[in-house]
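The residues of the chain are indexed from 1 along the displayed sequence.
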Amino acid sequence: ILCTTRAYTPGLVLLWEKMGMYEDVLRFWMDKEKEDNSSGASTEVIRCLDRYGPTHPHLYPLVLRFLSSSPELLSRHTEDIGRVLEHIDQEKIIPPLGVVQILSRNGVTSIGLVKQWLMSRIKEAREEVDMVSRTSTI
């Protein structure tokens with residue numbers, strides 16, 4: 001209560017972390033970014049994802065949705081989106097179609113941003129189909 005009444009952000013974040021409320025920490029910074037896009041809160045979102053994401057993979061789609069929610073965020077975090085996409089792919093958190101659905105839901109993300117990522121997913125899928133075809137004919 002004291003942290004809330006005094007608007008002591010580090011204390012609130014620490015409490016949420018101790019309680020395992022990592023999604024709440026991310027949403028707090030996301031809300032801060034929406035209130036004031038010059039606050040640097042989006043950088044905190046990325047920092048928190050780097051910290052909590054490896055043990056809580058469900059946070060990656062949430063952050064991907066956030067980073068692709070506005071043209072300003074997208075332009076500031078293009079490199080971060082690439083890292084998030086690679087991690088989602090490596091850990092198989094969501095399938096490529098799910099990624100495309102997340103990125104296309106608001107019309108902010110262009111295909112050019114994820115073209116290379118999509119092309120490599122298509123290539124991998126084709127190779128897998130070819131391999132299965134070859135082994136089933138043997």
Side-chain angles (χ1 to χ4, degrees):
I1 294 173
L2 185 60
C3 290
T4 303
T5 57
R6 298 289 183 174
Y8 184 62
T9 301
L12 286 171
V13 170
L14 180 64
L15 286 171
W16 290 327
E17 286 176 341
K18 294 291 184 187
M19 295 171 58
M21 299 169 63
Y22 306 113
E23 188 172 329
D24 292 310
V25 174
L26 285 174
R27 288 191 188 279
F28 171 80
W29 291 116
M30 289 174 187
D31 290 342
K32 282 277 194 208
E33 178 67 28
K34 288 176 186 170
E35 291 171 11
D36 179 14
N37 64 0
S38 64
S39 66
S42 63
T43 303
E44 284 298 314
V45 170
I46 298 300
R47 189 186 65 74
C48 290
L49 180 66
D50 290 341
R51 189 171 176 189
Y52 316 137
T55 55
H56 299 86
H58 68 281
L59 299 174
Y60 283 90
L62 177 70
V63 171
L64 185 61
R65 215 173 291 120
F66 168 70
L67 293 177
S68 63
S69 65
S70 77
E72 295 82 22
L73 280 170
L74 191 63
S75 66
R76 276 188 277 151
H77 295 283
T78 303
E79 190 175 303
D80 295 320
I81 287 177
R83 285 189 318 111
V84 169
L85 286 172
E86 285 305 313
H87 187 83
I88 285 173
D89 187 51
Q90 286 173 355
E91 299 298 319
K92 305 212 182 308
I93 296 170
I94 52 177
L97 181 59
V99 170
V100 171
Q101 288 172 332
I102 288 171
L103 294 175
S104 65
R105 72 176 171 69
N106 59 10
V108 172
T109 309
S110 70
I111 194 69
L113 178 69
V114 293
K115 180 181 176 184
Q116 191 61 39
W117 182 83
L118 279 173
M119 294 300 288
S120 63
R121 297 305 73 73
I122 291 169
K123 181 182 175 192
E124 286 174 7
R126 281 185 181 162
E127 289 171 355
E128 188 175 315
V129 167
D130 288 344
M131 187 173 70
V132 168
S133 296
R134 279 185 257 136
T135 58
S136 65
T137 58
I138 295 177

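- Clustering ILVMFWY residues whenever any of their side-chain heavy atoms sit less than 4.5 angstrom apart, transitively, puts Leu97 in a cluster other than the one holding Leu118.
- In this structure, CD1 in Ile46 is found 10.5 Å from CD in Glu79, a value given to the nearest 0.5 Å.
- Note on Phe28 and Leu15: separate hydrophobic clusters, where clusters join Ile, Leu, Val, Met, Phe, Trp and Tyr whose side-chain heavy atoms are under 4.5 Å apart, directly or indirectly.
- Contact detail for Cys48 and Val25: the closest heavy-atom pair is SG-CG1, 3.8 Å.
- In this structure, His77 has no ring pair (Phe, Tyr, Trp, His ring centres under 6.0 Å) partners at least two apart in sequence or on a different chain.
- In this structure, the separation between CD1 on Ile94 and CG on Leu64 is 6.5 Å, given to the nearest 0.5 Å.
- With sequence neighbours excluded, the residues forming a side chain to side chain donor-acceptor pair (under 3.5 Å) with Arg27 are Glu23, listed by chain and number.
- Between Glu44 and Lys32, no side-chain nitrogen of the basic residue sits less than 4.0 Å from a carboxylate oxygen of the acidic one, so the salt-bridge criterion is not met.
- Separation of atoms OH (Tyr8) and CG (Leu14) is listed at 8.5 Å; rounding is to 0.5 Å.
- Smallest separation of non-hydrogen atoms from Leu2 and Thr5: O-OG1, 3.0 Å.
- A pairwise comparison of heavy atoms in Ser42 and Leu73 identifies CB-CD2, 3.5 Å as the closest pair.
- A side-chain donor-acceptor contact under 3.5 Å links Arg105 to the backbone of Arg65.
- Atoms CE and CG, from Met30 and Leu62 in turn, are 3.5 Å apart once rounded to the nearest 0.5 Å.
- Partners of Tyr22 under the ring pair (Phe, Tyr, Trp, His ring centres under 6.0 Å) rule, at least two apart in sequence or in another chain, are Tyr52, His56.
- In the hydrophobic clustering of ILVMFWY residues, with side-chain heavy atoms under 4.5 Å counting as a link, Leu74 and Leu67 come out together.
- Among residues at least two apart or in separate chains, there is no ring pair (Phe, Tyr, Trp, His ring centres under 6.0 Å) pair with a member in residues 91-130.
- When all heavy atoms of Ser68 and Val108 are compared, the pair lying nearest together is O-CB, 3.5 Å.
- Note that OG of Ser70 and CD of Glu33 are 7.5 Å apart. Values are rounded to the nearest 0.5 Å.
- A chain of hydrophobic side-chain contacts below 4.5 Å, direct or via other Ile, Leu, Val, Met, Phe, Trp or Tyr residues, connects Leu12 to Met21.
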Problem - Stepwise side chain to side chain contact (heavy atoms under 4.5 Å, CB included) check, Tyr60 with Val99 - result: CA-CA 10 Å; Tyr60 283 90; Val99 170; over 6 Å; no

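- Closest heavy-atom contact between Asp50 and Pro54: O-CD, 3.4 Å.
- Heavy atoms only, all atoms of each residue included: Val45 and Leu26 are closest at O-CD2, 3.4 Å.
- Using a 4.0 Å cut-off between a side-chain N of Lys or Arg and a carboxylate O of Asp or Glu, Arg83 and Glu86 do not qualify as a salt bridge.
- In this structure, the separation between CZ on Phe66 and CG on Leu59 is 13.5 Å, given to the nearest 0.5 Å.
- Heavy-atom contacts from other residues, nucleotides or ligands closer than 6.0 Å to CD of Glu128 number 12 or fewer.
- With sequence neighbours left out, the side chain to side chain donor-acceptor pair (under 3.5 Å) criterion links Gln101 to no other residue.
- Evaluation of the ring pair (Phe, Tyr, Trp, His ring centres under 6.0 Å) test over residues 91-111, restricted to residues two or more places apart or in two chains, returns none.
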